[in-house]
Amino acid sequence: MASESEVPCGTGPLNGLRVVELATVIMGPYAAQQLGDLGADVIKVEPPAGDMTRHYPPTRSPGMGAATLNLNRNKRSVAIDLKAPGGRDALLALTATADVFITNVRPQALERLGLGHEEVTAGNSGLVYVNAQGFRSDSELGGRAAYDDIVQAASGLVWLNEQVSGIPYFVPTVLADKVCGLVIVQSVLAALRHRDRTGQGQHIEVPMADTMLAFNLVEHLAAATLDPPEGPIGYARALSSRRRASRTADGWMCILPYSDRNWRDFFAFVGRPELADDPRFGSLGDRARNADELYALAGEFTAGHTSAAWQEFCDGASIPAAPVLSLAEAVAGDYATEGGLLRTAVHPTEGAYHLIGQPVLFSATPAGLHRHCPHIGEHTEEVFAEIGHRPSA
């Protein structure tokens, strides 16, 4: 059973770094949680009522919603009312001792609070100051509010879904928040490397719309990469309405032949070897251009065998394949349980809960739980005593 001492404090590749997080919802807290898992001392600054995510149901006690138990693990909580006298000074006292400051407060609000980059770094030139928001601050959209769904729409992701289904739906996960959270982590680590060489911090801005647009364009810029374009934007294979799981004799599977040999073996297994020489499917380019026809045919063939038979064949032929699992089945399956990705931990006040483990394995500096999610302001006195700051009454 996981416990607070599973990975002792003082371990992890980022041991010795202090991160101050002034962020709400998922993107910023997720980024800071990742850094905390890797050993950084993360101080979460939140208003006296707490980050709004704390109140997402279900909860066992106020301010300790289920999502927050993982999002805010490996952190200490300091409660500060930034609009009250002394609030700004208290935050600046914290950032003066920090290596990294992460916020998703909009730049205009930060300026009103006197917490822009220049003010916060005036007493700490080595600070890596990261602010993430929906849109670039130097654009006409810079002041707009944005959450994950807004960014999915603005970055073309909702349009991509519409091309496949005819319905402009949102991806059923907060993809933009989590991708941008990981980009924050990447950016922080790069800036810390620069600081190691030069002693200087820097200002990093992570605009969500730009980040997700770049993310979506990796494959979907496609023929529009060339100037003039050789075709429309969009990766044809991914936009095929036939690109879906396949019905087997007793379930659903994802079966993904990719190479010429994969497809030759696939067609032989279903008793249609002549299709390997069909000009529509002979090469990777041919298959991409005729993805709808190819996937339609493949979907007809898969129903002739059970999922177990397909898995055995695909494993032997080195064809990627996997059954379609529900999220609950994936969590409860042997692969996840043997790897310890979801473990049981016991919170001092909330009792047993499921801990989402770090998926990356370090041979020398393991990441993991060293501090359970704190209550709102649990460490306010402790942290201010450490830095020698006496908050105003």
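Residues R280 and D278 are paired through a salt bridge, judged by an N-O separation under 4.0 Å between the basic side chain and the carboxylate. Taking 4.0 Å as the cut-off between side-chain N and carboxylate O, R76 and E378 do not count as a salt-bridged pair. Between K178 and D148, none of the side-chain N atoms (NZ, or NE/NH1/NH2) sits under 4.0 Å from a carboxylate O, so this pair counts as no salt bridge. Note on D41 versus R18: salt bridge recorded, some NZ/NE/NH1/NH2 to OD/OE distance being below 4.0 Å.
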(request) Verify salt bridge (charged side-chain N to carboxylate O under 4.0 Å, His left out) between R136 and D138, making sure each step is shown before the conclusion. (result) CA-CA 5 Å; R136 257 186 357 271; D138 64 354; 2.9 Å; yes
(request) Let me see the working for R195 and Q202 under side-chain contact (heavy atoms from CB on, under 4.5 Å), right down to the final yes or no. (result) CA-CA 8 Å; R195 194 190 67 171; Q202 60 183 294; over 6 Å; no
(request) Decide yes or no on side-chain contact (heavy atoms from CB on, under 4.5 Å) for F101 and V128, but give the supporting numbers first. (result) CA-CA 6 Å; F101 175 61; V128 174; over 6 Å; no
(request) Please lay out, stage by stage, how D277 and R264 fare under the test salt bridge (charged side-chain N to carboxylate O under 4.0 Å, His left out). (result) CA-CA 9 Å; D277 297 316; R264 188 170 294 279; 3.5 Å; yes
(request) Verify side-chain contact (heavy atoms from CB on, under 4.5 Å) between T59 and R54, making sure each step is shown before the conclusion. (result) CA-CA 9 Å; T59 63; R54 285 183 172 275; over 6 Å; no
(message) Go through it in stages, so that I can follow the logic: the residues are K75 and C373, the test is side-chain contact (heavy atoms from CB on, under 4.5 Å), and I'd like the CA-CA distance, side-chain angles, deciding distance and then a yes or no.
(response) CA-CA 7 Å; K75 300 179 185 180; C373 171; over 6 Å; no
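Atom CD of E329 has more than 12 neighbouring heavy atoms from other residues, nucleotides or ligands inside a 6.0 Å radius. The neighbour count for L226 CG, taken as heavy atoms of other residues, nucleotides or ligands under 6.0 Å away, is above 12. Residue-environment remark: OH (Y147) stays at or below the threshold of 12 foreign heavy atoms within 6.0 Å. Atom CZ of R88 has more than 12 heavy atoms from other residues, nucleotides or ligands within 6.0 Å. E274 CD: more than 12 foreign heavy atoms inside a 6.0 Å radius. A 6.0 Å sphere centred on CZ of R390 holds no more than 12 heavy atoms belonging to other residues, nucleotides or ligands. Counting non-hydrogen atoms of other residues, nucleotides and ligands closer than 6.0 Å to CD of E140 gives a total of 12 or fewer.
Of the possible polar contacts, one joining the T198 side chain to the H194 backbone as a donor-acceptor pair under 3.5 Å is found. At distances below 3.5 Å, at least one donor-acceptor pair connects side-chain atoms of T337 with backbone N or O atoms of D334. Formation of a donor-acceptor pair under 3.5 Å by the R73 side chain with backbone atoms of I356 is found in this model. Between the side chain of T97 and the backbone N or O of L94 there is at least one donor-acceptor pair closer than 3.5 Å. H379 places a side-chain N or O within donor-acceptor distance of the main-chain N or O of S77, the cut-off being under 3.5 Å. Side chain of D51 to backbone of V25: a donor-acceptor contact under 3.5 angstrom is found. No donor-acceptor pair closer than 3.5 Å links the side chain of W252 to the backbone N or O of S246. Side chain of S259 to main chain of N262: a donor-acceptor pair is present (N/O by atom type, distance under 3.5 Å, no hydrogens or angles). At least one donor-acceptor pair under 3.5 Å links the side chain of Q163 to the backbone N or O of W159. A donor-acceptor pair under 3.5 Å is absent between the side-chain atoms of R242 and the main chain of Y295, judged by distance alone.
Checking each of V19, I184, T95, V20 against V100 for a side chain to side chain contact (heavy atoms under 4.5 Å, CB included) leaves exactly one that passes, namely V19. Checking each of L157, L239, T225 against H220 for a side chain to side chain contact (heavy atoms under 4.5 Å, CB included) leaves exactly one that passes, namely L239. Of the candidates R60, R343, H372, H347, Y353 forms a side-chain hydrogen bond (donor to acceptor under 3.5 Å, both in side chains) with just one, namely H372. Of the options R144, R106, E205, Q108, a side-chain hydrogen bond (donor to acceptor under 3.5 Å, both in side chains) to Q133 is made by E205 and by none of the others.
In this structure, W310 has its ring center at least 6.0 angstrom away from the ring center of F301.
Neither side chain, T103 nor N131, offers a donor N or O lying under 3.5 Å from an acceptor on the other. A side-chain N or O of D286 and one of S283 form a donor-acceptor pair less than 3.5 Å apart. No side-chain N or O of D250 forms a donor-acceptor pair with one of T306 less than 3.5 Å apart. E21 and Q33 form no side-chain donor-acceptor contact under 3.5 Å, judged by distance and modelled atom types alone. R247 and T302 share no donor-acceptor pair across their side chains, judged by distance under 3.5 Å alone. With hydrogens and angles left out, the side-chain atoms of S307 and T248 include a donor and acceptor closer than 3.5 Å. Between the side chains of R287 and Y258, no donor-acceptor pair of N or O atoms lies under 3.5 Å.
A distance of 6.0 Å separates CG in L82 from CG in L22, rounded to the nearest 0.5 Å. In this structure, NE2 on H55 lies 11.0 Å from CE on M64, to the nearest 0.5 angstrom.
The closest side-chain heavy-atom distance from L91 to V45 is below 4.5 Å.
Ring orientation note: the planes of H117 and Y129 are nearly perpendicular, at an angle over 60° on the 30°/60° scale.
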